[in-house]
Amino acid sequence: MKFDVVTIFPRMVIAGLAEGVVSRGIARGLLDVAVHDLRDHTTDRHRTVDDVPYGGGPGMVMKPEPLARAVEDIRTRRGNPEAVVLLTPQGRSFTQLEAVRMSRLSHVVLLCGRYEGMDERVRELVATDELSIGDYVLSGGELPALVVIDAISRLIPGVVGDEQSVEQDSFSNGVLDYPHYTRPAEFGGVRVPDVLMSGHHADVRRWRRKTALARTLERRPELLERAALDDDDRALLDEIRQSTMGSAAQADPANRKE
Ligand code: ADE
């Protein structure tokens with residue numbers, strides 16, 4: 001899969017690609033990531049990429065021409081991308097589902113914004129998609145671009161060594177991950193749950209699914225509305241609700257007997 005990143009901080013992006021899963025994917029020839037300095041597509045002596053906003057107000061706005069030229073140059077030298085993505089807090093949410101969809105593409109361009117924003121005509125004429133990595137404001141799209149590349153890359157067969165571990169990841173089936181333990185059997189006075197050391201694979205599977213569902217119900221109940229749940233899952237959720245309702249009722253001061 002091919003990625004092109006357009007940024008005014010190429011070294012920041014290159015540094016983020018140099019370690020871990022993404023760098024291994026690049027070394028194995030499964031990923032081809034090119035980082036482009038937006039200033040190389042300016043035409044003035046000062047290599048200007050921003051300007052004051054029409055209508056006044058604070059901050060600067062990224063000019064449309066260098067961005068449009070950078071994408072044109074990518075089309076000429078690297079081929080036509082299937083998506084030109086603008087990273088912005090105004091975009092639709094980048095989720096695991098979105099990562100799965102994008103992992104089926106073969107060429108994606110990522111445009112990193114800086115300053116107060118980008119000229120609206122970049123959205124209209126250059127970008128095909130706008131993505132946000134979360135409801136918070138970062139100082140630019142460079143970290144979001146790295147986040148997007150990482151999440152997509154690990155879904156490409158061969159990039160992560162262990163396919164099974166990718167399939168079992170948190171969110172890949174719409175619920176949070178179960179708790180993990182390794183040796184020692186006791187640490188800081190906390191023992192590994194007996195079931196994990198019992199050797200009963202069916203019990204282990206059930207315990208893991210139940211704790212995953214319980215965590216999701218407690219921390220991210222909204223995920224359960226869209227998760228792929230079967231009858232066994234629903235039965236486990238009923239069990240969880242029964243037992244937590246009892247303890248929640250006890251913990252709730254409104255229900256306490258005087
Ligand atoms: N640029 C600044 N903040 C961002 C965010 N949350 N997601 C994507 N791009 C951004």
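Remember, it's 1-based here, ligands and their atoms both numbered in the order they're listed.
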Engineer: Does Asp73 pair with Arg77 as a salt bridge, N-O distance under 4.0 Å?
Structural biologist: yes
Engineer: Salt-bridge test for Arg121 and Glu124: reply yes if a basic N is under 4.0 Å from a carboxylate O, no otherwise.
Structural biologist: no
Engineer: Under 4.0 Å between a side-chain nitrogen and a carboxylate oxygen: does that hold for Arg215 and Glu218?
Structural biologist: no
Engineer: Ion pair present between Glu82 and Arg104, side-chain N to carboxylate O less than 4.0 angstrom?
Structural biologist: no
Engineer: With a 6.0 Å cut-off (strictly less than), is the heavy-atom count around CZ of Arg92, excluding the residue itself, greater than 12?
Structural biologist: yes
Engineer: Taking a 3.5 Å cut-off between nitrogen or oxygen atoms, can you list every pair linking ligand 1 to the protein, with distances?
Structural biologist:
from: ligand 1; atom 1: 3 (N); to: Leu138; atom 2: N; distance (Å): 3.0
from: ligand 1; atom 1: 6 (N); to: Gly134; atom 2: O; distance (Å): 3.1
from: ligand 1; atom 1: 6 (N); to: Tyr136; atom 2: O; distance (Å): 2.9
from: ligand 1; atom 1: 7 (N); to: Ile133; atom 2: N; distance (Å): 3.0
from: ligand 1; atom 1: 9 (N); to: Thr88; atom 2: N; distance (Å): 3.1

Engineer: Taking side chain to side chain donor-acceptor pair (under 3.5 Å) as the criterion, tell me which of Asp32, Asn80, Asp4 meets it with His107.
Structural biologist: Asp4
